[in-house]
*Asks:* 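Here it is, the structure in full.
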2 protein chains.
Amino acid sequence: MNAGIYDVVYRRRDVRAQFTGAPIPEDVLHRILAAAHAAPSVGLSQPWDFIIVEDPAVRRAFHDHVQHERTTFAATLTTAAADRFARIKIDGVLESSLSIVVTYDPDRGSPAVLGRHAIADAGLYSVCLAIQNLWLSATAENLGVGWVSFYREPHLRQLLGIPTGIRPVAWLCVGPVTHLETVPDLERHGWRHRRPLEAAIHHNRW
Amino acid sequence: MNAGIYDVVYRRRDVRAQFTGAPIPEDVLHRILAAAHAAPSVGLSQPWDFIIVEDPAVRRAFHDHVQHERTTFAATLTTAAADRFARIKIDGVLESSLSIVVTYDPDRGSPAVLGRHAIADAGLYSVCLAIQNLWLSATAENLGVGWVSFYREPHLRQLLGIPTGIRPVAWLCVGPVTHLETVPDLERHGWRHRRPLEAAIHHNRW
């Protein structure tokens, strides 16, 4: 459960189809949430919250919404891209053990969040760092995580009773998996390929 | 160099004052950048780039700008908060071995980024996941990382020749450190305290 950092960085996948639905032991769930909560945050604002969604009716309602958004996206594609997209599973909302919705509260630590006066989005960045802590820890625990982003924020806010002003950042499907694929789904399905690292590195200037 | 995930999650600090300035071995730098590049990204867009800044003149110019923004922020504080802030070091730009500026390119993978049609910021989130991979890997390599956010994006864009449309997300100071503190700087200096995990967890609804 405390696998090496590089092992989990490279084993980690964005899981859609491999969830078994088996329960997550309470201590494991606590460890991955605690790891998320140990993330760095601008001005130590810790602006995240975690909503653990197990209620089948809520998950079903969210899944219906995701399917609707899938259709919306598909309609924007060329025929060739739509054919590729048709083969790609975009969520494991119903099959995973539970979901964790991660939110951002811009008012936490306000008005003077140290390090946020010049960059309004810095608090949002903090929430993402917490998500990656959770994702890597879950991988070490042999859980899969799948980040679903086919949703509209106002819809999710209403579904979960999230107060105005607090922003949902991620819907994460979490749970035991049969296995983790070695190649990302979108690469396996020919949607996109990985960019060489060298292309992403610049020296001193862009 | 492949320490356990939980070890690095809890040892990781946002470093300001402990940089030694010693060089980072090439293979170590490559490993932490490769770990960043292995992060998940919406639609496999991999929208990040990494600018490795070693040039002393560039770092000096950025440091001057950070000091200016420090003054701007300090002017917004109450007297008591300004006194606390005066004791807090906000960057290690000059003392760290080098800096890594991480950027976001919203056009990468456009026009149809799978999973981004409903959430425009999803690409920005991906960049932050890459940053956390880098941060944790660097911690495993016994390097410190300090995220500096006292800057204006247009200033940094101009300083590094970053094209219009590409957004700087982070200036990270990186390098060997004398040690990592066990308590976050802002907590040690009484700026803010850590929130109990229990307060951040909700069940099924907010």
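Below, chain A is the first sequence line, B the second, and so on; all start at residue 1.
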*Asks:* What residue, out of B:E187, B:H193, B:R157, has the most heavy-atom pairs lying under 4.5 Å from chain A?
*Replies:*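 Ranked by heavy-atom pairs under 4.5 Å with chain A, first place is B:H193.
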
*Asks:* So for B:R195, is it side chain, backbone, both, or neither that comes closer than 4.5 Å to the heavy atoms of chain A?
*Replies:*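 Contact with chain A: backbone and side chain both.
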
*Asks:* At their closest point, which heavy atom of B:Y6 faces which heavy atom of A:E141, and how far apart are they?
*Replies:*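 For B:Y6 versus A:E141, the nearest heavy atoms are OH-OE2, 2.7 Å.
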
*Asks:* Let's test your reading of the structure: which of A:L114, A:I162, A:L186, A:L136 forms the most heavy-atom pairs below 4.5 Å with chain B?
*Replies:*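 Between A:L114, A:I162, A:L186, A:L136, the count favours A:L114.
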
*Asks:* Could you tell me whether the side chain of A:R194 and the main chain of B:L44 form a donor-acceptor pair under 3.5 Å?
*Replies:*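 Between the backbone of B:L44 and the side chain of A:R194 there is no qualifying donor-acceptor contact (under 3.5 Å).
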
*Asks:* Which atoms of B:V66 come close to chain A, meaning under 4.5 Å heavy atom to heavy atom: side chain ones, backbone ones, both, or neither?
*Replies:*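 Contact with chain A: none, neither part.
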
*Asks:* With a strict 4.5 Å heavy-atom criterion, list every residue of residues 127-135 of chain A that contacts chain B, or say none.
*Replies:*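 Within residues 127-135 of chain A, the residues under 4.5 Å from chain B are A:C128, A:L129, A:I131, A:Q132, A:N133, A:W135.
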
*Asks:* How close do A:V9 and B:A38 get, counting heavy atoms only, and between which atoms?
*Replies:*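 Looking at all heavy atoms of both residues, the closest pair is CG1-CB, 3.8 Å.
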
*Asks:* May I ask you to name which of B:A118, B:P184, B:S126 has the most heavy-atom pairs under 4.5 Å with chain A?
*Replies:*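 Answer, by heavy-atom pair count under 4.5 Å with chain A: B:A118.
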
*Asks:* For a quick test of reading the model, state the closest non-hydrogen atom pair linking B:G43 to A:W191 and the distance between them.
*Replies:*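 Reported closest heavy-atom pair: O-CD1, 4.0 Å.
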
*Asks:* Sort B:P47 into side chain, backbone, both or neither according to what part of it lies under 4.5 angstrom from a heavy atom of chain A.
*Replies:*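 Nothing of B:P47, per the 4.5 Å heavy-atom cut-off to chain A.
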
*Asks:* Contact part of B:R167 toward chain A, heavy-atom cut-off under 4.5 Å: side chain, backbone, both or neither?
*Replies:*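 The answer is the side chain of B:R167.
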
*Asks:* For chain B, find which of A:D49, A:I166, A:I52, A:D121 contributes the most heavy-atom pairs closer than 4.5 angstrom.
*Replies:*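 Counting heavy-atom pairs under 4.5 Å, the top option is A:D49.
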
*Asks:* Looking at side-chain heavy atoms only, is the closest gap between A:R108 and B:R192 below 4.5 Å?
*Replies:*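 Yes, side chains in contact.
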
*Asks:* Which of residues 53-60 of chain A have a heavy atom under 4.5 Å from any heavy atom of chain B?
*Replies:*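 Under the 4.5 Å heavy-atom cut-off, A:V53, A:E54, A:D55 qualify.
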
*Asks:* For chain B, find which of A:S45, A:A39, A:A199 contributes the most heavy-atom pairs closer than 4.5 angstrom.
*Replies:*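 Greatest number of close heavy-atom pairs with chain B: A:S45.
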
*Asks:* Pick whichever of A:I90, A:L124, A:L159 has the most heavy-atom pairs under 4.5 Å with chain B.
*Replies:*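 The option with the most such pairs is A:L124.
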
*Asks:* How many angstroms lie between atom CZ of B:R12 and atom CD1 of A:I5, to the nearest 0.5 angstrom?
*Replies:*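 Separation between the atoms: 11.5 Å.
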
*Asks:* Could you check if a side-chain atom of B:I51 sits within less than 4.5 angstrom of a side-chain atom of A:N204, using non-hydrogen atoms only?
*Replies:*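 Of all side-chain heavy-atom pairs linking A:N204 with B:I51, none is under 4.5 Å.
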
*Asks:* Of the listed residues (A:D185, A:I201, A:V42, A:L197), which shares the most heavy-atom pairs with chain B below a 4.5 Å separation?
*Replies:*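 Among A:D185, A:I201, A:V42, A:L197, the one with the most close pairs to chain B is A:L197.
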
*Asks:* Tell me which of these, B:H30, B:Q46, B:R13, has more heavy-atom pairs under 4.5 Å with chain A than the rest.
*Replies:*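 Going by pairs under 4.5 Å, I would pick B:Q46.
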
*Asks:* May I ask you to decide if A:E198's main-chain N or O and B:H37's side chain share a donor-acceptor pair within less than 3.5 Å?
*Replies:*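 Pair absent, no side-chain N/O of B:H37 close to backbone of A:E198.
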
*Asks:* With a 4.5 angstrom heavy-atom cut-off, could you sort out which part of A:R11 is near chain B: side chain, backbone, both or neither?
*Replies:*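 When you check distances to chain B, no heavy atom of A:R11 falls under 4.5 Å.
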
*Asks:* Give, as side chain, backbone, both or neither, the part of A:V8 having an atom under 4.5 angstrom from any heavy atom of chain B.
*Replies:*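 The answer is the side chain of A:V8.
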
*Asks:* Side chain, backbone, both or neither: which part of B:Y10 has an atom under 4.5 Å from a heavy atom of chain A?
*Replies:*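 Only the side chain of B:Y10 comes within 4.5 Å of chain A.
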
*Asks:* Which residues, numbered in order, of residues 143-154 of chain A come under 4.5 angstrom of chain B by heavy-atom distance?
*Replies:*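 At a heavy-atom separation under 4.5 Å, chain B is reached by A:W147, A:S149, A:F150, A:Y151, A:R152, A:E153.
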
*Asks:* Go through the atoms of B:P40 and report whether side chain, backbone, both or neither lie under 4.5 Å from a heavy atom of chain A.
*Replies:*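 Both the backbone and the side chain of B:P40 come within 4.5 Å of chain A.
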
*Asks:* Check each atom of B:I88 against the heavy atoms of chain A and say whether the ones under 4.5 Å are side chain, backbone, both or neither.
*Replies:*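 For B:I88, side-chain heavy atoms alone lie under 4.5 Å from chain A.
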
*Asks:* Report the option among A:L77, A:D14, A:D7, A:I119 that has the most heavy-atom pairs separated by less than 4.5 Å from atoms of chain B.
*Replies:*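 Highest number of heavy-atom pairs under 4.5 Å: A:I119.
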
*Asks:* B:T103 versus chain A, heavy atoms under 4.5 Å apart: side chain, backbone, both or neither?
*Replies:*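 For B:T103, side-chain heavy atoms alone lie under 4.5 Å from chain A.
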
*Asks:* With chain A as the partner chain, list the residues of residues 69-76 of chain B whose heavy atoms fall under 4.5 Å from it, by residue number, and write 'none' if nothing qualifies.
*Replies:*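 Only B:E69, B:T72, B:F73 of residues 69-76 of chain B have a heavy atom under 4.5 Å from chain A.
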
